[in-house]
Structure formats: C-alpha cells, structure tokens
Amino acid sequence: MSLAMVLGVLSGFADAFAPAHQQYLLEARQMQALSFAVHIPLVCFGISFPAMVLFTEVRWLRTGDPVYLELARRWSRVMIGLFGVGVITGTILSFEMGLLWPNFTGTFGGVFGLGFAIEGFSFFVEAIFIGVYVYGWNRLSPRTHLLSGIPIIITGFTGSLMVIAVNAWMQNPGGFTLSHGKVVDTNPWSALFGNPYLWHELVHMYVAGYMVTGFVLAGVYAVARLRGRWGRYERAALAIPLTIAALASIAQAPIGDWAARQVATTQPVKLAAMEGLATTTRGAPEHLLGWFENGEVRFGLRIPHMLSLLAFHSWNAEVQGLDTVPASRQPPVNVVRASFQIMVGIGTLLVLLSLFTLGVRLRLRRLPESPWFYRALVLAGPLAVVALIAGWVVTEVGRQPWVVYHVMLTEAAVTGAPGIPVGYGTLAAVYAAVAVGLGWMLWRLAKRPLELEPESR
Amino acid sequence: MSSPVLSAIPMAFVLAGIVLYAVLAGADFGAGFWTLLSGPGEHGEEIRETAHHSMGPVWEANHVWLIFVLTVFWTAYPAAFGSIASSLAAPLFIAGIGIVLRGAAYALRSGTTRPREDVLLDGIFALSSILVPFALGTMVGAIATGRVPVGNALGAHLRTWLGVTPAVVGVIAVATAAYLAAVYLAADCTRRGETRLADSFRARALVAGPLAGALSVAGLVAIHHSAPALYHELVAGRALPAVIVSVVAGVAAIGLVLTRRFEPARYVAALALAAVLVGWALAQWPRILPGLDVREAAAPHDVLVAVIVAVLGGGAIVFPSLAWLFRLSLRGSFDPIPETEPAPLSEPPSHAPGPPAPTGRVAIAALVVGAGLLIFSDAGALHGVGVVALFVFVVSGFLWLAPALLPD
C-alpha cells in the first residue's frame, strides 16, 4: 500500500463523498448479505446447469432415446425459470451498489465498474440464447438448437469471471492510486485482470457451482427413488448430475487448499480470523470445532503445528495473528471461523460421499443401492448450498471492516439515506414470499405426472 | 480531465441504453398493465394470455438494457451515479421491489393452473408493472429538473422524486408503456390472424396513445414552472428538433393504428418515445446534476477508453445475437405450435454408437498432477497448469463414468 493510499484513507475521500453518518450500517450489511445469499445459489445453476442440459441433449441426438429429450426439455424449463429469478435477484444486487454503498461506487466505480459492464454484456448474450434455446425446441433444427446452447455455457463462465474479478479487486485492490481522496492513475484492466487474487477465487467458485447444482439435482431424484419412482428417466436424471458433482467435489479439495494458502499470504488477518489465531505464532496449531473467546479457541480439538504445515508447508513457519492489526481493524472472528469450519466440514463429507459413489461405480458398475445412500444424497444438496454461502461469508465477513481492503472502510462507503431498516424488512418479506411461492410451485410441478407434461406456455 | 468528446461517448451509450430499455422493456411493463384492464370472461383471459405470451422469450433480454445503463453509468460517471442512487434511493428501491415481484409473479404463473391463483398473480404482476415505470419515471423527472444534488444522499427527501414534475413524468412513463404494449400486441395478434384480439388492443392503443400525448403536454407545463431553463431548451432550444420529431411520429403512429397498419405503427410509436428521451438529453446537456457536467463527472481517460472498447466489443457480439432473437420472435417462430405436429418422443431409438470412452487412466493421472501442482507448488503458472489438469480430470472422468450409469 502506497503512502498516497494511506493519506487517502486518513483524509477521507473527495469532498462530495465524505463519509456519511449511518446509524444502520449493520442492517445495510445484513441487507446486502441477504441479497447475496439469495442470488448465489442461482448463480451456481447459471454456471453449470446449461452444460448438463446440453450433455443430455447430445445424448439424445446420439442415441435417439426419448428419455434424454424429455429430460433435457424439462431441465431447460427449470433452467430458464431459475435464470429469470437470478435476473431479478441480480438486479437487486446491482441497485444496492448505489442504494447502500454510494460512496464505494461513487469513488471507485471507474476502477471496478468495467467488470460489471462486461458482465452486463455476458449476461445479455446469456439472456438472448437462453430464450432461443428454451423456446426453440422443435422450432429450430436440432443442430441449430444445440449450437444455441453453447453461448449459455460460455457466458455462465465469463459472467462469473467478471463478478469475481470485482470481488478479487476488493480483496486485493490495485490498478489505481489515491491522491487527496481522489482516485487517479486508474488502469481498470490491470485492476481487474492483473490481479493474482482472481484466479483461485474464480476456480473455487466455478467448481462449487457444479457441486451445488449437481448435488441439488441428484437430491431431487434421490427423493423420487426413495418414494419408489425409479424408472429410466429418474436413473438418467440422477446419474448425470451425481457423477459431475462427485468429480467436482474431489477436484475441489486441492483447489480449496490452494485458495486458503493464497489467503494466508495476501490477507493474513483474514486467515487468523478463520483459524482463531490471536497472536503471531511459530509452529501454529490448528483447531477443529470449538469457539474463539478471550484470545484463544476453547473446546476445540488442537492439532499442533498443523496450521503452519497447511498454510506454509513448514513445521515451524510463522503465522500472523490477529494482533498484527488493532482490534478495530479485525474482522468478527467467530462468524468467520465458524463459517470456515462449516464449509470445510461439509466439503469433507461431500468428498467422502463422492468417493463412495465413484468406488461403487468402479467396483460394481452400478449406482449404490442402499436407501441410506439416497437419504445422504437428499441432504447433500442443501448442505452444498450451506457450504457455498458459508464460503462467501468467510470471504466477505473476513474482509471486514474494509470494503476495499486496506483502502476504504465499509462504514465510509455506506449511504447517508434514511430508511435502511424499512428497505431491509421489505426485501426480506418479499424474498420470503417469493420463496414460499416458488416452493409451492415446485411441489405442484413435482406431483404432475410425467406424461401429462404440456407444451411450454 | 478527459477530452469533451471522450467523456461524452459513454453518455451516448447510456442514452441509447435508456432508449432501448424504454421501447423494449417498456412494452413488457405495458403488457402487464393490460392484464389489469383485460375485462371479464373468456376474451379477458385471452388478452391476459396474449400479454403473457408476448413476454416469454424476450423479457430477460429486454430487462438487461437496464443493467447495461447502470453499469456503464457507474463506471464512466461514478460520482453522478452515487449521487443519484443515494438521493433517489426510495424510487430506485421501489422499482427494484417491483421488478422482483413482477418477475416472480411471471415465473410462478407459468407453474400454476388454478384460476384463483392466476387472479392473485395477475394482480401482483399488473400492479408491479405500473409501479416500476412510475418509479423510474419519477427518477427521470427528478434528474431532469435538477433536484438531485451532488453528494451522498444529500437530496434524499420525498419532494425530490414526488414533486409535481417528477410525479407527472412517472405517470407519463406508465401511459407510454401501456400505449407501446397495445400497439406491439395488436401487431403480434394481426400476424397470428387473431383479428378480434388485435381490435381489442387497437382500442386500448387509441385510448392510451392520446392520453400519453395529453400527459406530455401537461408535463411540459409542469416543467415550465419547475425548470424554466429546461423548458426553454425543449420548446425553443437545441432539443426542439427532437420534440418536433416526437410530435410528428406520435401523431403518425396514432394514424397508423387507426388505419390498422400495426406493423409500421410499432416502429413509429417507438420512434416517438425515443425522440422524447433524446430531447430530454439534449435539453439538459451537458449538465448531469446541478454543478456537475458530463466532463466533470467523467472517470479518468483510461477508464473511458476501456468502457468504450468494452461496449463496442460487447455490442459486436450482442447486436447480431439480438437481431436473431427478434427475427425469430417477430417471424412468429416462438408462437405456439399446432397440436397436430408429431412429437419427437415417438421417434424410435436408433442406438448410434458413441465415441469410445477415454480411459480412466487419463482421469486419474490428471487428478494426481492437478492436485500435486495446486498443493505443493507456489508458482502462479504451475497453478494454472494444475487447474487445467483438474479440468481434464472432471471432463475425462465424466465421459468415462457417466455413460455406463445411464439406462440403455
């Protein structure tokens, strides 16, 4: 961090965007968190569902088996429904950039905004081709129809690349200098894409997208199997997402390790919060479970030297503690630490479930048959979503109290407008109502017999 | 400070985005408006179904213009965006909630079948379709009449957006959206040969069009009182040509609707609205907010260049795609298919052989290489190789394992 940046922090930002007093900063952060938590699972479907639908369509074109056509058509309708909900929840997020954090956008919009502008185009192409693909069954030639699905897969990737480029910039800001509270020497390309922090975040999230979608879908058809519906349709509908989720889970383990080691070097205070490490320590231990209190982890299972070994591959490596920054610059330890343990714990369980699935497949050349396996699969979907959100809590709460790491405090970014609790309450009520409506609609769709499936309305 | 031309180009993109959002998504909101005034009985049900059906393949793409406007605006003119979004937080939030409710009602309606539930969802859909253009219209009115001060929420009062002029602009937005939708839907119905429905929408267009025109005159009177300088630019200054185009196109569109030439009416009516929005921009130019003109608000030179490159590059991909979508849509490719068409479900399985499955050895080797590089290497380039190896692991593993699990 340059001296100019430090002076920028100390002197506040450009006059018009001097920090406003906001009584409801916590509510603003919670409103933002709620909006993210609702949107992020939908992003997973945007990332990975199109590839699964297209694979199924290719199977149909290859084999001519109508089961695959029926599956691809049904999934494509779910896909556009979830995309539509993602469109509106994503719109709320873009509004909140100004509604809640006008100083952040007003000061740094020029630095990070390009990512969202390109994401807007990516999203545009996605919206166009998803409409063509879903409404184009029977109306386009099979080849054109299949090709119209490919941009949806590509834009699912580029869209997440752009948004995560912005997030990675907030974690590890660069590509500008601050002079008297004004952003100068801006280079948005290097700010967004010249940032080494981008890549592990992107890959970690992209693979998580396949895990979440795969386990949620597999869970849906595991319910069908437990209820005695186990035809060729259900078998195909379970095998495709389950196989891809199992492989993605196994790949995610080394990727997660990579991500944690990047955090260890770039954001040591965040790592200290994730591990509950109060003071800088050589040969730092790892604690499983437990609770952080008065500078130590209580009731946790202590593994000596493990943190040093994991983070720096050395028995006696020095790991920075929370005490390297004043208390006012430390993130809330227990939220970050508990979320990290939840994510890693669920991830480990999912890897075990995946190894079991693939093991049975390799040894016996079939799917597992125990009902307990299918009960575990039903739980795996929601657990994968919990792990996803917990992971983002680690990333975002672990960044606090900064909105732009070591450059702008969250409290300096918040709006001065009144009425945040009203907005927060309204949004929560509306999202709850939509969730109830969606759940009720899916329940009714699930009850509808397969052969009565009507043409799209 | 950036050159005047460079700092103006992103604003031209923003204006183009606003115009396209208004003429495309505006009609989607208008379609929602008409579900409220569809009338009783089977004919009313037909009107509601037509309004719903017209949105199907295009509403997401139309909606994205709003996202485009927001992102280009906050990248190229960050301080102006921060000021507007914070001072006009209330209408922006109302528009956001309206967009959520509308999208949810639309999605849910596709999944429900019972008439009583349809009534509830149609009600939410129609009311939110009115709320969103009204709220966005008040924001336009507030910005145009210079009520938004530069700074963080310094103008966050009710009168900023619910003063007479902003409120009138909000009502104009609702009426214009309804008018556009009626014209577009009349054209769609004529294409499908549904003349009775086309006549219903024609009657609605003939009420909403003149109403929108009369409201616009009322809006001019309100602007005369609240923002005399803006008024002067509109009626006698550089915005006058746009205003004339708008009036001529508006009258011509009504004439085309009267004579049932709906297809050209569609474009002429859209032109009338586009001209109003261009006129607004010309009248206000170069001021964005009081004391902040386009050049002062613009981001640094490199950012503007990056935005322009991104928009031109993105446009080169988006516009051909969009043209294809609209050609399919306007040609009727997405219209319901007659029931007589044979369903492909009846096609017999042919069991063409797939490609030989890659061996599992590739997958396992890729996993070992990928995991090893990610865990034990500290070099960025080797991490890249590791990620590629893990990608190979997932894809080859999937092709190896999945087919055997699938039913024959």
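All chains are named by letter (A, B, ...) in the order of the sequence lines, taking the proteins before the strands, and each is independently numbered beginning at 1.
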*Asks:* Which atom names give the shortest non-hydrogen contact between Leu427(A) and Phe93(B), and what distance separates them?
*Replies:*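 Smallest heavy-atom distance, with atoms named: N-CZ, 4.2 Å.
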*Asks:* What part of Ala310(B) is in contact with chain A, defined as an atom under 4.5 angstrom from a non-hydrogen atom: side chain, backbone, both or neither?
*Replies:*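 The answer is both parts of Ala310(B).
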*Asks:* For the pair Asn152(B) (side chain) and Gly416(A) (backbone), establish whether a donor and an acceptor sit closer than 3.5 Å, ignoring hydrogens and angles.
*Replies:*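 Yes.
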*Asks:* Side chain from CB out, backbone as N, CA, C, O: work out which of these in Val395(B) comes under 4.5 Å of a heavy atom of chain A, or both, or neither.
*Replies:*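 Neither; nothing under 4.5 Å.
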*Asks:* Identify which part of Asp378(B) has an atom lying under 4.5 Å from any heavy atom of chain A, answering side chain, backbone, both or neither.
*Replies:*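 Interface part for Asp378(B): side chain.
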*Asks:* Under 4.5 Å heavy-atom distance to chain A, tell me which part of Ala389(B) shows up: side chain, backbone, both or neither.
*Replies:*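 For Ala389(B), no heavy atom lies under 4.5 Å from chain A.
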*Asks:* With a 4.5 angstrom heavy-atom cut-off, could you sort out which part of Leu92(B) is near chain A: side chain, backbone, both or neither?
*Replies:*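 Contact with chain A involves both backbone and side-chain atoms of Leu92(B).
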*Asks:* Answer with side chain, backbone, both or neither: which region of Ser87(B) has an atom nearer than 4.5 Å to a non-hydrogen atom of chain A?
*Replies:*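 Neither part.
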*Asks:* Taking atom CD1 of Ile317(B) and atom CZ of Phe121(A), what is their separation to the nearest 0.5 Å?
*Replies:*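 The CD1 atom of Ile317(B) sits 9.0 Å away from the CZ atom of Phe121(A).
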*Asks:* Given a strict heavy-atom distance threshold of 4.5 Å, which part of Leu362(A) is in contact with chain B: side chain, backbone, both, or neither?
*Replies:*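 Only the side chain of Leu362(A) comes within 4.5 Å of chain B.
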*Asks:* What part of Phe68(B) gets closer than 4.5 Å to chain A, counting heavy atoms only: side chain, backbone, both or neither?
*Replies:*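 When you check distances to chain A, only side chain atoms of Phe68(B) fall under 4.5 Å.
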*Asks:* How many angstroms lie between CE in Met162(A) and OG1 in Thr71(B), if you round to the nearest 0.5 Å?
*Replies:*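 The CE atom of Met162(A) sits 12.0 Å away from the OG1 atom of Thr71(B).
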*Asks:* At a 4.5 Å cut-off on heavy atoms, which part of Ile97(B) comes close to chain A: side chain, backbone, both, or neither?
*Replies:*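 Both the backbone and the side chain of Ile97(B) come within 4.5 Å of chain A.
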*Asks:* Can you say whether Pro188(A) sits under 4.5 Å from chain B via the side chain, the backbone, both, or neither, judging by heavy atoms?
*Replies:*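 Just the side chain, heavy atoms under 4.5 Å.
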*Asks:* Atom CG of Asn62(B) and atom CZ of Phe124(A): how far apart are they, to the nearest 0.5 Å?
*Replies:*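 One finds 7.5 Å between CG of Asn62(B) and CZ of Phe124(A).
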*Asks:* Please name the pair of heavy atoms, one in Leu374(B) and one in Asp257(A), separated by the smallest distance, quoted to 0.1 Å.
*Replies:*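 That closest heavy-atom pairing would be O-OD2, 4.4 Å.
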*Asks:* Which region of Leu66(B), side chain (C-beta onward) or backbone (N, CA, C, O), has a non-hydrogen atom less than 4.5 Å from a non-hydrogen atom of chain A, or is it both or neither?
*Replies:*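 Side chain only.
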*Asks:* Just how far is it from atom CD1 of Ile244(A) to atom CZ of Phe398(B), taken to the nearest 0.5 Å?
*Replies:*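 Output value for this atom pair is 5.0 Å.
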*Asks:* Parallel, tilted or perpendicular: which describes the rings of Phe376(B) and His313(A), with under 30° parallel and over 60° perpendicular?
*Replies:*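 The rings of Phe376(B) and His313(A) sit tilted, inter-plane angle from 30° to 60°.
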*Asks:* Counting heavy-atom pairs under 4.5 Å to chain B, which of Ile130(A), Thr426(A), Leu242(A), Val111(A) comes out on top?
*Replies:*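 The answer is Thr426(A).
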*Asks:* Looking at Thr105(A), Leu100(A), Asn187(A), which makes the most heavy-atom pairs under 4.5 Å with chain B?
*Replies:*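 Counting heavy-atom pairs under 4.5 Å, the top option is Thr105(A).
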*Asks:* Measure Phe104(A) against the heavy atoms of chain B and call it side chain, backbone, both or neither at under 4.5 Å.
*Replies:*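 For Phe104(A), neither part sits under 4.5 Å from chain B.
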*Asks:* Is it the side chain or the backbone of Val100(B) that comes within 4.5 Å of chain A heavy atoms, both, or neither?
*Replies:*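 Contact with chain A: backbone and side chain both.
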*Asks:* Identify which part of Leu238(A) has an atom lying under 4.5 Å from any heavy atom of chain B, answering side chain, backbone, both or neither.
*Replies:*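 Neither part.
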*Asks:* To the closest 0.5 Å, what do you measure between CG (Leu247(A)) and CG (Leu390(B))?
*Replies:*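 Separation between the atoms: 11.0 Å.
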*Asks:* Go through the side-chain N and O atoms of Trp199(A) and His383(B) and say whether any donor and acceptor fall under 3.5 Å apart.
*Replies:*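 No pair is found: no donor N or O on one side chain lies under 3.5 Å from an acceptor on the other.
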*Asks:* With a 4.5 Å heavy-atom cut-off, do Pro300(B) and Phe176(A) have their side chains touching?
*Replies:*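 No, side chains not in contact.
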*Asks:* Does any heavy atom of chain B fall under 4.5 Å from the side chain of Tyr210(A), the backbone, both, or neither of them?
*Replies:*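 The answer is neither part of Tyr210(A).
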*Asks:* How close do Arg261(A) and Ile375(B) get, counting heavy atoms only, and between which atoms?
*Replies:*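 Minimum heavy-atom separation between Arg261(A) and Ile375(B): NH2-O, 2.9 Å.
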*Asks:* Please state whether the side chain, the backbone, both or neither of Glu96(A) comes within less than 4.5 Å of a heavy atom of chain B.
*Replies:*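 Contact with chain B is absent: no heavy atom of Glu96(A) under 4.5 Å.
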*Asks:* Locate the shortest heavy-atom distance separating Gly120(A) from Val64(B); write the atom from each residue and the value.
*Replies:*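 Reported closest heavy-atom pair: O-CG1, 3.7 Å.
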*Asks:* Quick check on Ile118(A) against chain B: is it the side chain, the backbone, both or neither that has a heavy atom closer than 4.5 Å?
*Replies:*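 The answer is the side chain of Ile118(A).
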*Asks:* Name the region of Val184(A), side chain, backbone, both or neither, that has any atom closer than 4.5 Å to a heavy atom of chain B.
*Replies:*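 No part of Val184(A) comes within 4.5 Å of chain B.
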*Asks:* Would you name the heavy atoms of Ala306(B) and Trp189(A) that are closest together and state the gap between them?
*Replies:*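 That would be CB-NE1, 3.5 Å.
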*Asks:* Describe, in one word, how the ring planes of Phe116(A) and Trp74(B) are oriented to each other, choosing from parallel (under 30°), tilted (30 to 60°) and perpendicular (over 60°).
*Replies:*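 Geometry flag for Trp74(B) against Phe116(A): perpendicular rings.
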*Asks:* Under 4.5 Å, counting heavy-atom pairs only, tell me which of Val434(A), Val58(A), Val125(A), Thr186(A) racks up the most with chain B.
*Replies:*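 Top count of heavy-atom pairs under 4.5 Å with chain B: Thr186(A).
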*Asks:* Under a 4.5 Å heavy-atom cutoff, which of Thr91(A), Ile255(A), Asp185(A), Thr89(A) has the most pairs with chain B?
*Replies:*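 It is Thr91(A).
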*Asks:* Please determine, among Thr415(A), Val414(A), Thr265(A), Leu438(A), the option with the most heavy-atom pairs under 4.5 Å with chain B.
*Replies:*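 If we count pairs closer than 4.5 Å to chain B, Thr415(A) comes out on top.
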*Asks:* Considering residues, nucleotides and ligands other than Phe391(B), do more than 12 of their heavy atoms fall under 6.0 Å from its CZ?
*Replies:*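 Atom CZ in Phe391(B) is not crowded, with 12 or fewer foreign heavy atoms closer than 6.0 Å.
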*Asks:* Measure distances from Ile92(A) to the heavy atoms of chain B and classify the residue's part below 4.5 Å as side chain, backbone, both or neither.
*Replies:*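 Looking at Ile92(A), just its side chain touches chain B.
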*Asks:* What is the minimum heavy-atom distance between Ala417(A) and Ala89(B), and which atoms define it?
*Replies:*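 Heavy atoms of Ala417(A) and Ala89(B) come nearest at CB-CB, 4.4 Å.
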*Asks:* In Å, rounded to the nearest 0.5 Å, how long is the span from OH of Tyr135(A) to CG of Leu328(B)?
*Replies:*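 Those atoms lie 13.5 Å apart.
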